[in-house]
Engineer: 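Structure in C-alpha coordinates, see below.
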Protein chains: 2
Amino acid sequence: MTRAEENYLKTIFHLGGSSSHLVSTNAIAEQMETKPSSVTDMAKKLAEKGLVEYTKYQGVSLSKTGLKTALSIVRKHRLWEVFLVETLDFSWDEVHEVAEQLEHIKSEKLIDRIDSLLGYPKFDPHGDPIPSKDGVFFEREQQLLSEMKPGSTGVCVGVKDTSSNFLKFLDKNKIALGDTIEIVEIEDFDQSLTITINGQNMSISHQIANNLYVKKQE
Amino acid sequence: MTRAEENYLKTIFHLGGSSSHLVSTNAIAEQMETKPSSVTDMAKKLAEKGLVEYTKYQGVSLSKTGLKTALSIVRKHRLWEVFLVETLDFSWDEVHEVAEQLEHIKSEKLIDRIDSLLGYPKFDPHGDPIPSKDGVFFEREQQLLSEMKPGSTGVCVGVKDTSSNFLKFLDKNKIALGDTIEIVEIEDFDQSLTITINGQNMSISHQIANNLYVKKQE
DNA sequence: AATCGTATTTGGACATGCCTAAAAATACAT
DNA sequence: ATGTATTTTTAGGCATGTCCAAATACGATT
(Lines give C-alpha, C1' and ligand atoms only; values in the text may rest on other atoms or scores of the structure.)
Protein backbone atom coordinates (compact mmCIF):
# COMPACT_ATOMS: atom_id res chain seq x y z
CA MET A 1 0.00 0.00 0.00
CA THR A 2 1.72 3.16 -1.20
CA ARG A 3 1.32 6.59 0.28
CA ALA A 4 -0.56 7.79 -2.80
CA GLU A 5 -3.01 4.91 -2.56
CA GLU A 6 -3.62 5.66 1.09
CA ASN A 7 -4.27 9.29 0.34
CA TYR A 8 -6.77 8.41 -2.33
CA LEU A 9 -8.65 6.04 -0.03
CA LYS A 10 -8.73 8.67 2.70
CA THR A 11 -10.06 11.29 0.31
CA ILE A 12 -12.75 8.99 -1.05
CA PHE A 13 -13.79 8.27 2.53
CA HIS A 14 -13.99 11.97 3.37
CA LEU A 15 -16.09 12.58 0.30
CA GLY A 16 -18.55 10.02 1.58
CA GLY A 17 -17.63 7.16 -0.71
CA SER A 18 -18.43 4.41 1.75
CA SER A 19 -21.46 2.09 1.52
CA SER A 20 -21.72 2.21 -2.26
CA HIS A 21 -22.18 5.98 -2.46
CA LEU A 22 -20.36 7.06 -5.59
CA VAL A 23 -17.73 9.78 -5.60
CA SER A 24 -16.90 11.49 -8.87
CA THR A 25 -13.48 11.70 -10.46
CA ASN A 26 -13.72 15.46 -10.49
CA ALA A 27 -14.56 15.74 -6.81
CA ILE A 28 -11.55 13.64 -5.87
CA ALA A 29 -9.26 15.61 -8.17
CA GLU A 30 -10.42 18.89 -6.70
CA GLN A 31 -10.04 17.73 -3.11
CA MET A 32 -6.55 16.38 -3.74
CA GLU A 33 -5.44 19.28 -5.89
CA THR A 34 -4.59 17.01 -8.77
CA LYS A 35 -6.05 16.37 -12.23
CA PRO A 36 -9.04 14.17 -13.08
CA SER A 37 -6.90 12.09 -15.42
CA SER A 38 -4.61 11.16 -12.55
CA VAL A 39 -7.66 10.13 -10.54
CA THR A 40 -8.85 7.85 -13.33
CA ASP A 41 -5.48 6.11 -13.37
CA MET A 42 -5.53 5.55 -9.65
CA ALA A 43 -9.18 4.48 -9.67
CA LYS A 44 -8.28 1.68 -12.04
CA LYS A 45 -5.37 0.66 -9.89
CA LEU A 46 -7.39 0.65 -6.68
CA ALA A 47 -10.21 -1.27 -8.35
CA GLU A 48 -7.63 -3.79 -9.56
CA LYS A 49 -6.56 -4.29 -5.97
CA GLY A 50 -10.11 -4.64 -4.75
CA LEU A 51 -10.04 -1.52 -2.62
CA VAL A 52 -12.74 0.39 -4.52
CA GLU A 53 -15.57 -0.33 -6.86
CA TYR A 54 -15.12 1.64 -10.03
CA THR A 55 -17.46 2.03 -12.97
CA LYS A 56 -16.29 4.09 -15.89
CA TYR A 57 -17.93 7.48 -16.12
CA GLN A 58 -19.82 6.79 -12.88
CA GLY A 59 -17.36 7.19 -10.06
CA VAL A 60 -15.80 5.15 -7.26
CA SER A 61 -16.87 3.89 -3.86
CA LEU A 62 -14.88 2.09 -1.20
CA SER A 63 -15.05 -1.67 -0.97
CA LYS A 64 -15.18 -3.35 2.40
CA THR A 65 -11.41 -3.66 2.63
CA GLY A 66 -11.01 -0.18 1.15
CA LEU A 67 -13.18 1.24 3.90
CA LYS A 68 -11.26 -0.66 6.54
CA THR A 69 -8.01 0.73 5.23
CA ALA A 70 -9.37 4.26 5.02
CA LEU A 71 -10.62 4.06 8.59
CA SER A 72 -7.25 2.92 9.85
CA ILE A 73 -5.62 5.91 8.20
CA VAL A 74 -8.20 8.30 9.61
CA ARG A 75 -7.69 6.70 13.01
CA LYS A 76 -3.96 7.26 12.81
CA HIS A 77 -4.36 10.83 11.61
CA ARG A 78 -6.69 11.77 14.43
CA LEU A 79 -4.72 10.00 17.14
CA TRP A 80 -1.57 11.78 16.05
CA GLU A 81 -3.42 15.08 16.18
CA VAL A 82 -4.43 14.40 19.77
CA PHE A 83 -0.86 13.42 20.57
CA LEU A 84 0.52 16.62 19.10
CA VAL A 85 -1.92 18.77 21.08
CA GLU A 86 -2.00 16.86 24.35
CA THR A 87 1.55 15.62 24.68
CA LEU A 88 3.57 18.10 22.67
CA ASP A 89 1.51 21.27 23.22
CA PHE A 90 0.86 22.02 19.58
CA SER A 91 -2.12 24.27 19.01
CA TRP A 92 -5.06 22.84 17.12
CA ASP A 93 -4.39 24.96 14.06
CA GLU A 94 -0.93 23.53 13.39
CA VAL A 95 -1.43 19.80 13.74
CA HIS A 96 -2.97 18.92 10.41
CA GLU A 97 0.12 19.11 8.20
CA VAL A 98 2.25 17.04 10.52
CA ALA A 99 -0.50 14.47 11.06
CA GLU A 100 -0.75 14.12 7.27
CA GLN A 101 2.78 12.77 7.38
CA LEU A 102 2.51 10.75 10.56
CA GLU A 103 -0.64 8.95 9.42
CA HIS A 104 1.44 6.98 6.92
CA ILE A 105 3.83 5.46 9.45
CA LYS A 106 3.43 1.71 9.30
CA SER A 107 3.49 0.19 12.77
CA GLU A 108 0.44 -1.12 14.49
CA LYS A 109 2.28 -1.29 17.77
CA LEU A 110 3.21 2.37 17.51
CA ILE A 111 -0.30 3.67 17.00
CA ASP A 112 -1.73 1.35 19.65
CA ARG A 113 0.80 2.60 22.19
CA ILE A 114 0.04 6.19 21.27
CA ASP A 115 -3.65 5.40 21.72
CA SER A 116 -2.96 3.94 25.15
CA LEU A 117 -0.65 6.81 26.14
CA LEU A 118 -3.45 9.24 25.37
CA GLY A 119 -6.05 7.23 27.28
CA TYR A 120 -8.01 6.02 24.25
CA PRO A 121 -9.49 9.37 23.21
CA LYS A 122 -12.80 9.32 21.34
CA PHE A 123 -12.42 12.65 19.54
CA ASP A 124 -9.60 14.59 17.95
CA PRO A 125 -8.81 18.25 18.70
CA HIS A 126 -11.32 19.41 16.07
CA GLY A 127 -14.10 17.29 17.50
CA ASP A 128 -13.94 14.57 14.86
CA PRO A 129 -14.51 11.03 16.12
CA ILE A 130 -11.59 8.60 16.25
CA PRO A 131 -12.34 5.15 14.85
CA SER A 132 -11.42 2.32 17.19
CA LYS A 133 -8.92 -0.36 16.23
CA ASP A 134 -11.66 -2.37 14.59
CA GLY A 135 -13.09 0.57 12.69
CA VAL A 136 -16.01 1.48 14.92
CA PHE A 137 -16.76 5.09 15.71
CA PHE A 138 -19.75 7.12 16.75
CA GLU A 139 -20.98 9.91 14.60
CA ARG A 140 -21.95 12.38 17.25
CA GLU A 141 -25.32 14.01 17.07
CA GLN A 142 -24.50 17.46 15.81
CA GLN A 143 -25.66 20.30 13.60
CA LEU A 144 -24.23 23.48 12.22
CA LEU A 145 -24.66 26.53 14.40
CA SER A 146 -26.11 28.24 11.34
CA GLU A 147 -29.01 25.79 11.35
CA MET A 148 -30.10 26.58 14.89
CA LYS A 149 -33.07 28.80 15.72
CA PRO A 150 -32.94 31.94 17.85
CA GLY A 151 -33.54 31.12 21.48
CA SER A 152 -31.99 27.67 21.27
CA THR A 153 -28.82 26.61 23.01
CA GLY A 154 -26.01 24.27 21.99
CA VAL A 155 -22.63 23.02 23.07
CA CYS A 156 -19.80 23.52 20.65
CA VAL A 157 -18.57 20.07 19.61
CA GLY A 158 -16.65 20.43 16.38
CA VAL A 159 -15.52 22.46 13.40
CA LYS A 160 -16.28 21.90 9.75
CA ASP A 161 -13.51 24.10 8.38
CA THR A 162 -10.21 23.06 9.94
CA SER A 163 -8.11 25.72 8.26
CA SER A 164 -5.57 27.45 10.41
CA ASN A 165 -7.23 30.78 9.72
CA PHE A 166 -10.60 29.70 11.01
CA LEU A 167 -9.18 28.00 14.08
CA LYS A 168 -7.09 31.04 14.94
CA PHE A 169 -10.19 33.17 14.63
CA LEU A 170 -11.95 30.96 17.16
CA ASP A 171 -8.99 31.14 19.53
CA LYS A 172 -8.86 34.91 19.27
CA ASN A 173 -12.54 35.14 20.10
CA LYS A 174 -12.29 32.62 22.92
CA ILE A 175 -14.60 30.13 21.29
CA ALA A 176 -13.56 26.59 22.17
CA LEU A 177 -15.01 23.11 21.96
CA GLY A 178 -17.17 22.47 25.00
CA ASP A 179 -18.41 26.04 25.25
CA THR A 180 -22.14 26.62 25.51
CA ILE A 181 -23.65 28.98 22.97
CA GLU A 182 -27.08 30.55 23.03
CA ILE A 183 -28.50 32.08 19.91
CA VAL A 184 -29.95 35.44 20.75
CA GLU A 185 -30.87 36.73 17.34
CA ILE A 186 -30.28 36.27 13.63
CA GLU A 187 -30.05 39.34 11.42
CA ASP A 188 -32.32 39.27 8.42
CA PHE A 189 -30.15 40.97 5.85
CA ASP A 190 -26.79 39.17 6.32
CA GLN A 191 -27.72 36.15 8.44
CA SER A 192 -25.21 37.21 11.09
CA LEU A 193 -25.87 35.89 14.58
CA THR A 194 -25.84 37.43 17.99
CA ILE A 195 -24.85 34.79 20.50
CA THR A 196 -24.16 34.51 24.19
CA ILE A 197 -21.00 32.61 25.03
CA ASN A 198 -19.16 32.48 28.34
CA GLY A 199 -21.60 35.04 29.69
CA GLN A 200 -20.74 37.53 26.95
CA ASN A 201 -22.69 38.64 23.93
CA MET A 202 -20.99 38.74 20.57
CA SER A 203 -21.83 38.86 16.90
CA ILE A 204 -20.57 36.33 14.39
CA SER A 205 -21.04 36.11 10.64
CA HIS A 206 -23.07 33.46 8.90
CA GLN A 207 -19.87 32.01 7.50
CA ILE A 208 -18.51 31.41 10.96
CA ALA A 209 -21.74 29.85 12.18
CA ASN A 210 -21.74 27.68 9.10
CA ASN A 211 -18.48 26.07 10.12
CA LEU A 212 -19.17 25.38 13.79
CA TYR A 213 -20.88 22.20 14.89
CA VAL A 214 -22.98 22.27 18.03
CA LYS A 215 -24.96 19.71 19.93
CA LYS A 216 -28.42 21.00 20.67
CA GLN A 217 -29.38 21.21 24.33
CA GLU A 218 -32.91 20.17 25.32
CA MET B 1 14.75 16.59 -0.37
CA THR B 2 13.23 13.21 -1.13
CA ARG B 3 13.24 10.21 1.15
CA ALA B 4 15.70 8.40 -1.10
CA GLU B 5 18.10 11.34 -1.02
CA GLU B 6 17.91 11.45 2.76
CA ASN B 7 18.65 7.76 3.02
CA TYR B 8 21.69 8.08 0.80
CA LEU B 9 23.07 10.96 2.84
CA LYS B 10 22.52 9.05 6.05
CA THR B 11 24.28 5.99 4.67
CA ILE B 12 27.23 8.00 3.41
CA PHE B 13 27.51 9.54 6.86
CA HIS B 14 27.46 6.15 8.55
CA LEU B 15 30.16 4.92 6.21
CA GLY B 16 32.32 7.79 7.34
CA GLY B 17 31.94 10.02 4.31
CA SER B 18 32.28 13.30 6.19
CA SER B 19 35.32 15.58 6.07
CA SER B 20 36.38 14.60 2.54
CA HIS B 21 36.82 10.92 3.35
CA LEU B 22 35.68 9.08 0.24
CA VAL B 23 33.04 6.36 0.31
CA SER B 24 32.85 3.91 -2.57
CA THR B 25 29.85 3.24 -4.75
CA ASN B 26 30.01 -0.43 -3.87
CA ALA B 27 30.06 0.17 -0.13
CA ILE B 28 26.97 2.34 -0.38
CA ALA B 29 25.18 -0.16 -2.58
CA GLU B 30 25.92 -2.99 -0.19
CA GLN B 31 24.83 -1.06 2.87
CA MET B 32 21.60 0.03 1.22
CA GLU B 33 20.92 -3.33 -0.40
CA THR B 34 20.71 -1.78 -3.83
CA LYS B 35 22.86 -1.94 -6.96
CA PRO B 36 26.00 0.10 -7.64
CA SER B 37 24.47 1.53 -10.79
CA SER B 38 21.64 3.02 -8.75
CA VAL B 39 24.18 4.56 -6.44
CA THR B 40 25.98 6.19 -9.35
CA ASP B 41 22.73 7.75 -10.50
CA MET B 42 22.03 9.16 -7.07
CA ALA B 43 25.63 10.31 -6.58
CA LYS B 44 25.30 12.47 -9.67
CA LYS B 45 22.01 13.85 -8.47
CA LEU B 46 23.32 14.68 -5.00
CA ALA B 47 26.45 16.25 -6.46
CA GLU B 48 24.24 18.34 -8.72
CA LYS B 49 22.44 19.60 -5.63
CA GLY B 50 25.66 20.35 -3.82
CA LEU B 51 25.10 17.79 -1.08
CA VAL B 52 28.10 15.60 -1.88
CA GLU B 53 31.40 15.83 -3.69
CA TYR B 54 31.59 13.18 -6.33
CA THR B 55 34.48 12.20 -8.56
CA LYS B 56 33.91 9.47 -11.09
CA TYR B 57 35.47 6.16 -10.16
CA GLN B 58 36.68 7.65 -6.86
CA GLY B 59 33.68 7.84 -4.59
CA VAL B 60 31.60 10.42 -2.75
CA SER B 61 31.94 12.47 0.41
CA LEU B 62 29.47 14.76 2.12
CA SER B 63 29.65 18.48 1.50
CA LYS B 64 29.09 20.89 4.35
CA THR B 65 25.37 21.12 3.71
CA GLY B 66 25.24 17.39 3.03
CA LEU B 67 26.74 16.69 6.42
CA LYS B 68 24.35 19.09 8.08
CA THR B 69 21.41 17.34 6.48
CA ALA B 70 22.74 13.89 7.37
CA LEU B 71 23.20 14.95 10.99
CA SER B 72 19.67 16.24 11.21
CA ILE B 73 18.36 12.88 10.01
CA VAL B 74 20.54 10.97 12.43
CA ARG B 75 19.35 13.30 15.18
CA LYS B 76 15.74 12.60 14.33
CA HIS B 77 16.30 8.85 14.11
CA ARG B 78 17.96 8.66 17.50
CA LEU B 79 15.51 10.95 19.25
CA TRP B 80 12.60 8.89 17.95
CA GLU B 81 14.33 5.77 19.25
CA VAL B 82 14.56 7.30 22.70
CA PHE B 83 10.92 8.33 22.49
CA LEU B 84 9.80 4.82 21.54
CA VAL B 85 11.72 3.28 24.43
CA GLU B 86 11.14 5.89 27.10
CA THR B 87 7.65 7.08 26.37
CA LEU B 88 6.05 4.14 24.62
CA ASP B 89 7.83 1.25 26.32
CA PHE B 90 9.25 -0.31 23.18
CA SER B 91 12.22 -2.55 23.79
CA TRP B 92 15.55 -1.52 22.29
CA ASP B 93 15.49 -4.30 19.74
CA GLU B 94 12.30 -3.18 18.02
CA VAL B 95 12.78 0.56 17.58
CA HIS B 96 15.02 0.69 14.55
CA GLU B 97 12.46 -0.10 11.84
CA VAL B 98 9.93 2.40 13.11
CA ALA B 99 12.56 5.09 13.60
CA GLU B 100 13.62 4.55 9.98
CA GLN B 101 10.19 5.79 9.02
CA LEU B 102 9.81 8.51 11.62
CA GLU B 103 13.18 10.08 10.79
CA HIS B 104 11.72 11.37 7.52
CA ILE B 105 8.90 13.36 9.07
CA LYS B 106 9.40 16.97 8.13
CA SER B 107 8.66 19.26 11.06
CA GLU B 108 11.31 21.01 13.04
CA LYS B 109 8.83 21.89 15.72
CA LEU B 110 7.88 18.25 16.14
CA ILE B 111 11.38 16.96 16.71
CA ASP B 112 12.27 19.87 18.98
CA ARG B 113 9.24 19.18 21.13
CA ILE B 114 10.08 15.50 21.27
CA ASP B 115 13.61 16.47 22.30
CA SER B 116 12.22 18.66 25.05
CA LEU B 117 9.69 16.04 26.20
CA LEU B 118 12.55 13.58 26.63
CA GLY B 119 14.72 16.04 28.52
CA TYR B 120 17.31 16.59 25.78
CA PRO B 121 18.89 13.12 25.87
CA LYS B 122 22.51 12.83 24.78
CA PHE B 123 22.47 9.17 23.76
CA ASP B 124 20.00 6.82 22.12
CA PRO B 125 18.99 3.41 23.52
CA HIS B 126 21.96 1.75 21.83
CA GLY B 127 24.43 4.23 23.28
CA ASP B 128 24.90 6.25 20.10
CA PRO B 129 25.27 10.00 20.60
CA ILE B 130 22.44 12.30 19.53
CA PRO B 131 23.54 15.37 17.55
CA SER B 132 22.21 18.64 18.93
CA LYS B 133 20.04 20.95 16.88
CA ASP B 134 23.11 22.61 15.43
CA GLY B 135 24.84 19.35 14.59
CA VAL B 136 27.19 19.05 17.54
CA PHE B 137 27.68 15.74 19.28
CA PHE B 138 30.33 14.10 21.37
CA GLU B 139 31.94 10.89 20.26
CA ARG B 140 32.27 9.16 23.55
CA GLU B 141 35.57 7.64 24.50
CA GLN B 142 34.96 3.95 23.96
CA GLN B 143 36.50 0.72 22.79
CA LEU B 144 35.31 -2.74 21.93
CA LEU B 145 35.21 -5.18 24.83
CA SER B 146 37.22 -7.52 22.64
CA GLU B 147 40.13 -5.06 22.70
CA MET B 148 40.41 -4.96 26.47
CA LYS B 149 43.06 -6.83 28.41
CA PRO B 150 42.41 -9.39 31.16
CA GLY B 151 42.23 -7.71 34.58
CA SER B 152 40.85 -4.45 33.17
CA THR B 153 37.39 -3.09 33.90
CA GLY B 154 34.95 -1.14 31.77
CA VAL B 155 31.44 0.23 31.77
CA CYS B 156 29.18 -0.93 28.99
CA VAL B 157 28.28 2.14 26.92
CA GLY B 158 27.08 0.99 23.52
CA VAL B 159 26.56 -1.71 20.93
CA LYS B 160 28.12 -2.00 17.50
CA ASP B 161 25.64 -4.52 16.12
CA THR B 162 22.11 -3.26 16.64
CA SER B 163 20.35 -6.28 15.22
CA SER B 164 17.37 -7.56 17.12
CA ASN B 165 19.09 -10.90 17.64
CA PHE B 166 22.12 -9.45 19.32
CA LEU B 167 20.09 -7.13 21.52
CA LYS B 168 17.81 -9.93 22.61
CA PHE B 169 20.86 -11.99 23.51
CA LEU B 170 22.08 -9.19 25.75
CA ASP B 171 18.68 -8.90 27.40
CA LYS B 172 18.52 -12.61 28.01
CA ASN B 173 21.92 -12.53 29.65
CA LYS B 174 21.13 -9.44 31.67
CA ILE B 175 23.80 -7.34 30.05
CA ALA B 176 22.68 -3.72 29.82
CA LEU B 177 24.23 -0.34 29.09
CA GLY B 178 25.69 1.07 32.28
CA ASP B 179 26.77 -2.31 33.64
CA THR B 180 30.35 -2.71 34.83
CA ILE B 181 32.31 -5.55 33.29
CA GLU B 182 35.60 -6.96 34.48
CA ILE B 183 37.65 -9.15 32.18
CA VAL B 184 38.79 -12.19 34.12
CA GLU B 185 40.38 -14.24 31.40
CA ILE B 186 40.60 -14.67 27.64
CA GLU B 187 40.77 -18.21 26.25
CA ASP B 188 43.63 -18.78 23.88
CA PHE B 189 42.04 -21.11 21.37
CA ASP B 190 38.71 -19.34 20.66
CA GLN B 191 39.22 -15.87 22.13
CA SER B 192 36.16 -16.32 24.34
CA LEU B 193 36.10 -14.18 27.49
CA THR B 194 35.30 -14.89 31.08
CA ILE B 195 33.86 -11.74 32.60
CA THR B 196 32.40 -10.63 35.89
CA ILE B 197 29.18 -8.66 35.54
CA ASN B 198 26.68 -7.81 38.28
CA GLY B 199 28.73 -9.91 40.70
CA GLN B 200 28.40 -12.98 38.50
CA ASN B 201 30.93 -14.73 36.31
CA MET B 202 29.99 -15.67 32.78
CA SER B 203 31.58 -16.63 29.52
CA ILE B 204 30.95 -14.81 26.25
CA SER B 205 32.22 -15.47 22.76
CA HIS B 206 34.65 -13.24 20.91
CA GLN B 207 31.86 -12.27 18.53
CA ILE B 208 29.79 -10.91 21.38
CA ALA B 209 32.72 -9.02 22.85
CA ASN B 210 33.45 -7.64 19.42
CA ASN B 211 30.08 -5.91 19.31
CA LEU B 212 30.00 -4.38 22.77
CA TYR B 213 31.50 -0.96 23.43
CA VAL B 214 32.86 -0.23 26.88
CA LYS B 215 34.45 2.76 28.50
CA LYS B 216 37.65 1.78 30.24
CA GLN B 217 37.80 2.51 33.96
CA GLU B 218 41.01 3.89 35.40
C1' DA C 1 -34.16 12.62 -30.76
C1' DA C 2 -30.55 15.88 -31.73
C1' DT C 3 -27.45 19.07 -29.62
C1' DC C 4 -24.58 21.39 -26.42
C1' DG C 5 -21.71 21.67 -22.52
C1' DT C 6 -19.53 19.31 -18.91
C1' DA C 7 -17.31 15.29 -16.99
C1' DT C 8 -14.41 11.59 -17.90
C1' DT C 9 -11.21 8.78 -20.19
C1' DT C 10 -7.48 7.90 -23.43
C1' DG C 11 -2.88 8.35 -25.25
C1' DG C 12 1.42 10.14 -24.95
C1' DA C 13 4.83 12.24 -22.03
C1' DC C 14 7.81 13.28 -17.97
C1' DA C 15 10.47 12.75 -13.36
C1' DT C 16 12.05 9.64 -9.84
C1' DG C 17 14.35 5.69 -8.51
C1' DC C 18 15.31 1.36 -9.46
C1' DC C 19 17.15 -2.68 -12.48
C1' DT C 20 20.20 -5.55 -15.98
C1' DA C 21 23.77 -6.09 -19.20
C1' DA C 22 27.60 -4.36 -21.37
C1' DA C 23 31.44 -1.14 -21.63
C1' DA C 24 35.03 1.45 -19.43
C1' DA C 25 38.24 2.59 -15.87
C1' DT C 26 40.99 1.21 -12.13
C1' DA C 27 43.72 -1.90 -9.25
C1' DC C 28 46.51 -5.75 -8.78
C1' DA C 29 49.12 -9.26 -10.28
C1' DT C 30 53.27 -11.31 -12.40
C1' DA D 1 54.69 -3.31 -18.45
C1' DT D 2 50.97 -6.10 -19.63
C1' DG D 3 47.10 -8.83 -18.72
C1' DT D 4 43.44 -10.03 -15.52
C1' DA D 5 40.05 -9.22 -12.05
C1' DT D 6 37.33 -5.97 -9.83
C1' DT D 7 34.90 -1.78 -9.48
C1' DT D 8 32.32 1.67 -11.56
C1' DT D 9 29.82 3.76 -15.15
C1' DT D 10 26.85 3.88 -19.19
C1' DA D 11 22.87 2.70 -21.85
C1' DG D 12 18.46 1.21 -22.13
C1' DG D 13 14.23 -0.36 -19.61
C1' DC D 14 10.58 -0.66 -16.11
C1' DA D 15 7.11 0.85 -12.44
C1' DT D 16 4.92 4.56 -10.02
C1' DG D 17 2.54 8.58 -10.05
C1' DT D 18 1.94 12.64 -12.19
C1' DC D 19 0.54 15.91 -16.19
C1' DC D 20 -1.53 17.77 -20.81
C1' DA D 21 -4.27 17.65 -24.85
C1' DA D 22 -7.45 15.28 -27.52
C1' DA D 23 -11.22 12.22 -27.87
C1' DT D 24 -15.30 10.33 -25.96
C1' DA D 25 -19.43 9.64 -23.06
C1' DC D 26 -23.08 11.51 -20.43
C1' DG D 27 -27.11 14.17 -19.36
C1' DA D 28 -29.89 18.23 -19.66
C1' DT D 29 -32.29 20.96 -22.75
C1' DT D 30 -35.02 21.73 -26.40
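Since the structure is predicted, the reported quantities are computational estimates derived from the model, not experimental observations. The chains referred to below are lettered A, B, ... by the order of the sequence lines, with proteins before strands, and numbering in each begins at 1.
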Engineer: Using only heavy-atom distances, determine whether the side chains of B/D134 and B/S132 contain a donor-acceptor pair under 3.5 Å.
Structural biologist: yes

Engineer: Once each nucleotide of nucleotides 3-10 of chain D is scored for protein heavy atoms under 4.0 Å, what B/S/- sequence comes out, 5' to 3'?
Structural biologist: ----SBBB

Engineer: Starting from C1' on D/dT18, measure out to CZ on A/R3 and report it in whole angstrom.
Structural biologist: 16 Å

Engineer: Run the ring-centre check on A/H96 versus A/H77 and record whether the distance is less than 6.0 Å.
Structural biologist: yes

Engineer: Could you tell me whether B/D89 and A/K109 have a side-chain N and a carboxylate O separated by less than 4.0 Å?
Structural biologist: no

Engineer: Do the side chains of A/K10 and A/E100 get close enough for a salt bridge, i.e. N-O under 4.0 angstrom?
Structural biologist: yes

Engineer: Would you mind reading off the distance between B/K35 atom NZ and C/dA21 atom C1', rounded to a whole angstrom?
Structural biologist: 12 Å

Engineer: Could you tell me how far apart A/M32 (CE) and D/dT18 (P) are, to the nearest whole angstrom?
Structural biologist: 7 Å

Engineer: What residues form a ring pair (Phe, Tyr, Trp, His ring centres under 6.0 Å) with A/H104, not counting sequence neighbours?
Structural biologist: none

Engineer: List in chain and number order the residues that pass ring pair (Phe, Tyr, Trp, His ring centres under 6.0 Å) with A/F166, two or more places apart in sequence or in another chain; answer none if no residue qualifies.
Structural biologist: none

Engineer: For D/dT18 and A/Y8 - does any side-chain N or O of the residue sit under 4.0 Å from the phosphate oxygens OP1/OP2?
Structural biologist: yes

